[in-house]
**Q** 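Here it is, the structure in full.
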Amino acid sequence: MRVVILGPPGAGKGTQAARLSEHLDIPHIATGDIFRQAASEDTDLGRRLRETMDSGELVPDEFTNELVKDRLARPDAQDGFILDGYPRNVEQAEALDEILDELGTKVSYVIKLMVRGDDIIARLAGRRVCPKCGAVYHMETHPPADDERCDNDGTALVRREDDSEETTRRRLDVYGQQTRPLYDFYRERGKLIEMDALGTTDEVFERLLGTLGR
Ligand code: AP5
């Protein structure tokens with residue numbers, strides 16, 4: 001199964017994609033996670049990525065498409081994958097079609113996670129992440145067992161740099177201008193499934209499995 005999960009910042013794409021990946025035993029490919037890993041390195045590329053992400057803008061398409069092309073060609077992605085955070089605009093969606101054409105396959109489902117504006121703000125404001133293993137928590141809905149430390153490795157949790165008020169505003173603008181047009185792109189191709197993403201993470205996951213017929 002080849003699934004694309006779309007939705008605004010904080011909709012729960014990463015949370016649901018990680019669970020689905022485990023359930024279906026196919027890789028979870030999140031461009032945001034790949035870029036964050038590279039941005040944490042003390043290199044020129046790392047610094048440039050950090051600047052772009054902290055400003056809320058998108059990383060250039062050419063670079064992003066090449067990275068996804070390489071990742072989708074790896075052996076573990078041949079029987080399926082879950083794409084989270086990619087494509088992000090129509091140009092990337094067209095590039096994805098070309099990449100999959102070359103691999104002789106296509107996207108099975110495009111899921112749009114639908115949430116209200118208030119929920120986006122609440123989900124982003126309460127998010128904390130582990131800088132060591134990348135685990136994602138929410139201080140109200142999914143808190144760590146021990147105060148503000150990661151359950152996996154005890155590392156102190158942090159807020160993502162781009163979850164600041166100013167960068168969140170810019171991310172939402174960029175989403176509105178560049179990512180929203182993707183819904184029409186996939187709707188016209190009969191691929192788009194719009195799914196309510198309100199409720200607990202368990203409820204949303206059950207809904208997602210039902211939507212995918214799993
Ligand atoms: P990226 O990391 O993809 O960020 P995003 O799309 O803004 O999405 P988020 O990671 O913020 O949210 P999410 O929907 O995954 O929500 P989550 O599950 O964490 O991208 C970051 C940056 O990288 C971009 O701005 C750009 O610069 C660059 N980039 C990435 N991809 C790119 C691309 N293709 N092209 C160009 N540039 C790219 O959940 C959020 C919080 O809510 C968590 O705390 C979670 O615990 C909680 N939560 C989740 N579900 C629920 C629920 N049902 N109820 C209550 N709480 C919940």
Side-chain angles (χ1 to χ4, degrees), residues 4-21 28-40 48-69 71-72 82-93 95-96 99 111-116 118-130 134-144 148 151 157-164 166-180 182 195-208:
V4 168
I5 300 193
L6 300 176
K13 301 181 295 296
T15 302
Q16 296 301 328
R19 289 186 69 164
L20 192 60
S21 158
H28 168 200
I29 301 174
T31 42
D33 289 348
I34 297 171
F35 290 149
R36 261 184 297 283
Q37 173 61 39
S40 70
R48 274 188 284 142
L49 282 172
R50 215 154 43 232
E51 258 172 44
T52 305
M53 295 171 83
D54 291 353
S55 70
E57 301 297 329
L58 296 185
V59 174
D61 287 342
E62 202 180 327
F63 179 73
T64 306
N65 293 334
E66 276 302 310
L67 180 137
V68 171
K69 186 175 177 178
R71 181 63 188 88
L72 292 182
I82 299 150
L83 275 175
D84 155 18
Y86 181 93
R88 203 81 164 198
N89 57 29
V90 171
E91 290 70 24
Q92 292 186 7
L96 176 61
I99 294 167
I111 307 284
K112 173 186 176 187
L113 296 183
M114 296 196 302
V115 280
R116 294 180 304 231
D118 288 357
D119 291 285
I120 293 176
I121 301 300
R123 288 182 186 184
L124 291 178
R127 173 163 57 191
R128 297 291 182 277
V129 296
C130 173
V136 178
Y137 298 86
H138 190 282
M139 295 318 289
E140 278 158 32
T141 61
H142 175 44
E148 295 220 5
D151 291 347
L157 301 179
V158 297
R159 273 195 92 176
R160 255 170 58 174
E161 286 290 334
D162 61 347
D163 279 347
S164 70
E166 192 188 341
T167 306
T168 295
R169 216 174 304 125
R170 184 61 197 144
R171 284 161 66 204
L172 289 169
D173 284 348
V174 169
Y175 165 78
Q177 290 158 10
Q178 303 204 39
T179 307
R180 262 185 200 287
L182 267 186
M195 203 194 92
D196 181 359
L198 297 178
T200 65
T201 52
D202 287 348
E203 287 165 349
V204 177
F205 187 59
E206 285 307 313
R207 211 174 292 141
L208 179 59

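Please read all numbers here as calculations on a predicted model, not as lab measurements. As the structure lists them, so they are numbered: ligands from 1, and atoms in each ligand from 1.
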**Q** Give a yes/no verdict on a cation-pi contact between R128 and Y137, requiring under 6.0 Å between NZ or CZ and the six-membered ring centre and an angle within 45° of the axis.
**A**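 Ring-cation test returns no.
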
**Q** According to side-chain contact (heavy atoms from CB on, under 4.5 Å), who are the partners of L198, at least two apart in sequence or on a separate chain?
**A**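 Partners of L198 by the side-chain contact (heavy atoms from CB on, under 4.5 Å) criterion, ordered by chain and then number, come out as V115, R116, D119, D196.
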
**Q** For ligand 1, give me the residues whose heavy-atom distance to it is below 4.0 Å, by chain and number please.
**A**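 Residues within 4.0 Å of ligand 1: P8, P9, G10, A11, G12, K13, G14, T15, T31, G32, F35, R36, M53, E57, L58, V59, T64, G85, Y86, R88, Q92, R123, L124, R127, V136, Y137, H138, T141, R160, D162, R171, G199, T200, T201, V204.
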
**Q** Do R19 and T201 come close enough that some side-chain heavy atom pair is under 4.5 Å?
**A**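 R19 vs T201: side chains touch.
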
**Q** With rounding to the nearest 0.5 angstrom, report the CZ to CG distance, R207 to D202.
**A**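 Here the rounded value is 11.5 Å.
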
**Q** Looking at residues at least two apart in the chain, or sitting in another chain, which of them share a side chain to side chain donor-acceptor pair (under 3.5 Å) with T141?
**A**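 T141 satisfies side chain to side chain donor-acceptor pair (under 3.5 Å) with H138 only.
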
**Q** Sequence neighbours left out, what passes side-chain contact (heavy atoms from CB on, under 4.5 Å) with R160? Give chain and number order.
**A**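 In terms of side-chain contact (heavy atoms from CB on, under 4.5 Å), with neighbours along the sequence ignored, R160 is linked to R36, R127, V129, D162, D163, R171.
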
